[in-house]
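The block underneath contains the structure these notes are about, expressed in structure tokens.
As the structure lists them, so they are numbered: ligands from 1, and atoms in each ligand from 1. Because the structure is predicted, anything quoted here is derived from the model rather than measured.
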Amino acid sequence: MSKSSLKDVKEKLLAERELLIRKLKGNDLSVDDAETPDPVDLAVRNYSKNLMLAVSENETKQLALIDEAVMRIDDNEYGHCQNCKKQINAKRIAAIPSARYCLDCQELLEKGLLDEE
Ligand SMILES: [Zn+2]
């Protein structure tokens, strides 16, 4: 991968990172539980609270992947599968800049056949 396209990828990753951080901060729900508890209201609130937590968990994971990808760019290891070390398809990289694995290994991972570090 050329230096200039690496720079583009890095910028894209950093922009995505910024967005995620902003989203995560926005999710900081300070729900006021001190109010009169109406059971239905409470259930709804708990539900959306759990939903928000699930969302931030995803985003936190995504953030870690992005950080990793940025580190790989700095280490000149970017674009290589973390499992088989083969070069990841350029189209895949363009679509998912934070991808850790090539398509083959990603498939293994999804089938539970790959041990993640
Ligand atoms: Zn691979």
Side-chain angles (χ1 to χ4, degrees):
M1 200 176 261
S2 74
K3 271 236 160 83
S4 65
S5 56
L6 264 183
K7 206 177 149 243
D8 284 351
V9 172
K10 193 173 175 180
E11 267 166 28
K12 208 167 154 186
L13 283 166
L14 290 177
E16 212 175 309
R17 190 174 183 275
E18 188 75 20
L19 215 74
L20 277 170
I21 290 174
R22 224 176 292 164
K23 250 188 182 174
L24 277 169
K25 281 191 181 152
N27 273 352
D28 191 10
L29 287 189
S30 24
V31 178
D32 187 3
D33 284 324
E35 278 173 56
T36 344
D38 166 17
V40 178
D41 188 38
L42 213 62
V44 168
R45 252 199 258 162
N46 276 337
Y47 177 74
S48 53
K49 208 171 170 184
N50 287 338
L51 208 66
M52 284 297 200
L53 283 180
V55 167
S56 21
E57 204 178 298
N58 270 333
E59 272 151 7
T60 309
K61 258 189 211 164
Q62 187 62 29
L63 207 59
L65 283 178
I66 289 175
D67 278 342
E68 246 188 63
V70 171
M71 259 176 355
R72 286 203 299 273
I73 291 176
D74 292 338
D75 289 346
N76 278 323
E77 278 179 23
Y78 184 74
H80 292 270
C81 174
Q82 296 297 286
N83 183 52
C84 66
K85 310 292 176 205
K86 270 194 277 185
Q87 197 131 22
I88 302 174
N89 183 298
K91 268 190 200 156
R92 176 165 164 74
I93 287 279
I96 316 167
S98 57
R100 301 173 82 185
Y101 302 111
C102 69
L103 265 181
D104 290 342
C105 294
Q106 183 67 37
E107 223 168 274
L108 289 178
L109 181 76
E110 274 157 22
K111 285 180 188 155
L113 297 173
L114 189 81
D115 290 324
E116 269 196 282
E117 303 144 43

Fill in the blank from the handout: Near the Zn ion (ligand 1) (protein N/O/S, cut-off 2.8 Å, waters excluded) we have Cys81 SG, Cys84 SG, Cys102 SG, Cys105 SG

Practice task
Please confirm whether the backbone N or O of Ala64 pairs with a side-chain atom of Arg17, one donor and one acceptor, at under 3.5 Å?
Solution key: no

Exercise for the section: For the residue pair Glu68 and Ser98, confirm or rule out a side-chain donor-acceptor distance under 3.5 Å. Expected result: no

Practice task
Go through the structure and list residues passing side chain to side chain donor-acceptor pair (under 3.5 Å) with Glu18, not counting sequence neighbours.
Solution key: none

Problem - Check ion pair Asp8-Lys12 (N to O, under 4.0 angstrom) - result: no

Problem - Residues in side chain to side chain donor-acceptor pair (under 3.5 Å) contact with Glu110, at least two apart in sequence or another chain - result: Gln106

Can I get a per-line list of side-chain donor-acceptor pairs under 3.5 Å for residues 74-81, giving both atom names and the distance, sequence neighbours left out?
from, atom 1, to, atom 2, distance (Å)
Asp74, OD1, Lys10, NZ, 2.8
Tyr78, OH, Pro97, O, 2.5
His80, ND1, Lys85, O, 3.3

